[in-house]
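Side-chain atoms are counted along with the backbone in the values below, which use heavy atoms only and exclude waters and symmetry mates. Along the sequence shown, the residues carry numbers beginning at 1.
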Amino acid sequence: MKKVLSICLLLVSVMAYGQTADNDSIKNWTIGATPAFTFNQVSLTNWAAGGKNSLAGTFLLNMHFNYAKENVSWENLFDLGYGLTKQGSDNMVKTEDKLYYTSKFGYAAGSEKKWFYTALLDFKTQFDVGYNDPPENTLKLSEFMSPAYLNLSLGFDYKPNDNFSLYMSPLTSKTTIVLDEALSDAGAFGVDQGKNTREEYGASVKVLAKKTDLIKNVDFNTRLDLFSSLSEKPKNIDIDWELAFNMKVNDYLSAIASVNFIYDDDINFVDEESVVHGPRGQFKQLFGFGVSYKFGN
């Protein structure tokens with residue numbers, strides 16, 4: 001938890017500095033962030049209908065640092081999230097956990113500046129330990145850098161405006177990282193038993209789209225990542241799709257709804273009895289009401 005708070009405070013501090021910096025020094029930069037915190041609490045005392053006390057909170061932070069000058073475009077995105085819930089005397093259970101960073105450097109291919117020769121770096125992992133048996137929390141399923149995914153690619157980016165991007169890469173490397181010794185020895189997340197990394201090479205597609213005021217006071221954004229390993233099962237495409245709606249109540253209160261679908265042919269499904277099955281689609285839905293404020297542009 002301390003690790004999560006330290007990273008979040010650091011990024012918010014950087015954002016605050018960007019707000020007060022000399023305009024001339026950042027005139028080619030577009031800097032912005034949307035932190036949000038949702039909180040739910042139920043307290044029961046002598047409640048005849050029964051139930052348990054519960055406490056839940058989720059912190060989300062989306063930040064961008066984008067540079068544009070003449071034919072050069074450099075876009076950086078941080079997408080962070082961490083949430084916990086606790087019922088009665090049970091152990092804390094993780095409900096949200098993501099650390100996502102993407103950096104995309106492009107050079108305009110023509111005078112219209114809609115197509116760009118582009119190099120892209122994608123990095124994904126999580127902050128905290130994940131368990132297969134919550135709330136007992138004895139069977140570790142994942143943790144920080146186990147897994148982590150690093151994608152490096154070269155390709156073409158089509159950006160007709162600031163609200164849409166279609167990136168296509170015929171040259172993509174995907175590195176799966178599992179640093180935890182027990183998970184590595186078990187061959188988790190597709191690595192060979194006892195190994196910490198797995199390399200795949202193929203092609204990828206990334207789609208980003210957003211719309212402010214899709215309807216009044218409702219912003220929409222989506223991200224779709226596709227990867228095909230051309231050297232091994234190219235038809236089994238890895239999918240990571242996220243869709244989110246931010247609904248503004250006023251300058252400080254908002255509601256957030258999001259869905260995330262993942263399919264990775266290298267990730268086996270492990271049920272509550274620790275029986276390993278084949279890969280399956282993963283689905284996560286989040287809805288929260290809380291405090292949110294948008295910085296920058």
Apply side chain to side chain contact (heavy atoms under 4.5 Å, CB included) to N217 and V249, showing your working.
CA-CA 7 Å; N217 293 330; V249 178; over 6 Å; no

Does the side chain of [X] reach to within under 4.5 Å of the side chain of [Y], using non-hydrogen atoms?
X	Y	answer
I256	L60	yes
K174	S204	no
L166	V205	yes
F189	D264	no
Q126	S142	yes
D122	Y149	no
Y131	L139	no
K113	N71	yes

Sequence-distant partners of K211, salt bridge (Lys or Arg N to Asp or Glu O under 4.0 Å), two or more places apart
none

Within 6.0 angstrom of [X] [atom1], more than 12 heavy atoms from elsewhere:
X	atom1	result
N250	CG	yes
F164	CZ	yes
E199	CD	yes
E181	CD	no
F289	CZ	yes

When clusters are formed by joining ILVMFWY residues with side-chain heavy atoms under 4.5 Å apart, either directly or through shared neighbours, do [X] and [Y] land in the same one?
X	Y	value
L99	F65	yes
L150	V191	no
M247	F37	no
L214	L208	no
I31	L80	yes

Over all atoms of both residues, closest heavy-atom pair of [X] and [Y]:
X	Y	answer
K140	L183	O-CD2, 4.0 Å
T85	A56	OG1-CB, 3.6 Å
N76	N66	N-OD1, 3.2 Å
S254	S292	OG-CB, 2.9 Å
Y167	S153	OH-OG, 2.8 Å
G190	R198	O-CD, 3.1 Å

In Å and rounded to the nearest 0.5 Å, what is the [atom1] to [atom2] distance from [X] to [Y]?
X	Y	atom1	atom2	value
K27	K69	NZ	NZ	6.5 Å
T58	F287	OG1	CZ	12.0 Å
T172	L120	OG1	CG	8.5 Å
T118	M168	OG1	CE	10.0 Å
E75	T30	CD	OG1	9.5 Å

Might you work through the side chain to side chain contact (heavy atoms under 4.5 Å, CB included) test for V42 and N53, ending with a clear yes or no?
CA-CA 5 Å; V42 175; N53 296 340; 5.7 Å; no

Are any side-chain N or O atoms of [X] and backbone N or O atoms of [Y], one a donor and one an acceptor, separated by less than 3.5 Å?
X	Y	result
N137	M92	yes
N196	V178	yes
S146	L179	yes
D133	T138	yes
T38	G290	no
D157	W115	no
S169	L171	yes

Salt bridge check: are [X] and [Y] linked by an N-O gap of less than 4.0 Å?
X	Y	value
D240	R223	yes
K248	D251	yes
K294	D219	no
D225	K124	yes

Side chain to side chain contact (heavy atoms under 4.5 Å, CB included) between L154 and Y117, intermediate numbers included
CA-CA 8 Å; L154 295 173; Y117 304 111; over 6 Å; no

With a 6.0 Å cut-off on ring centres, are F245 and F220 close enough?
yes

Verify whether the ring centers belonging to F283 and F261 lie closer than 6.0 Å.
no

Determine, stepwise, if the pair T95 / L286 fulfils side chain to side chain contact (heavy atoms under 4.5 Å, CB included).
CA-CA 9 Å; T95 56; L286 181 149; over 6 Å; no

Side chains of T102 and K206: is there a donor and an acceptor less than 3.5 Å apart?
no

With no hydrogens and no angle check, do the side chains of S165 and K104 hold a donor and an acceptor under 3.5 Å apart?
yes

Can you tell me how the ring of Y82 sits relative to the ring of F127, calling it parallel under 30°, perpendicular over 60° and tilted otherwise?
perpendicular

Applying ring-ring contact (aromatic ring centres under 6.0 Å, His included) between W74 and each of W29, F116, Y107, report the one that passes.
W29

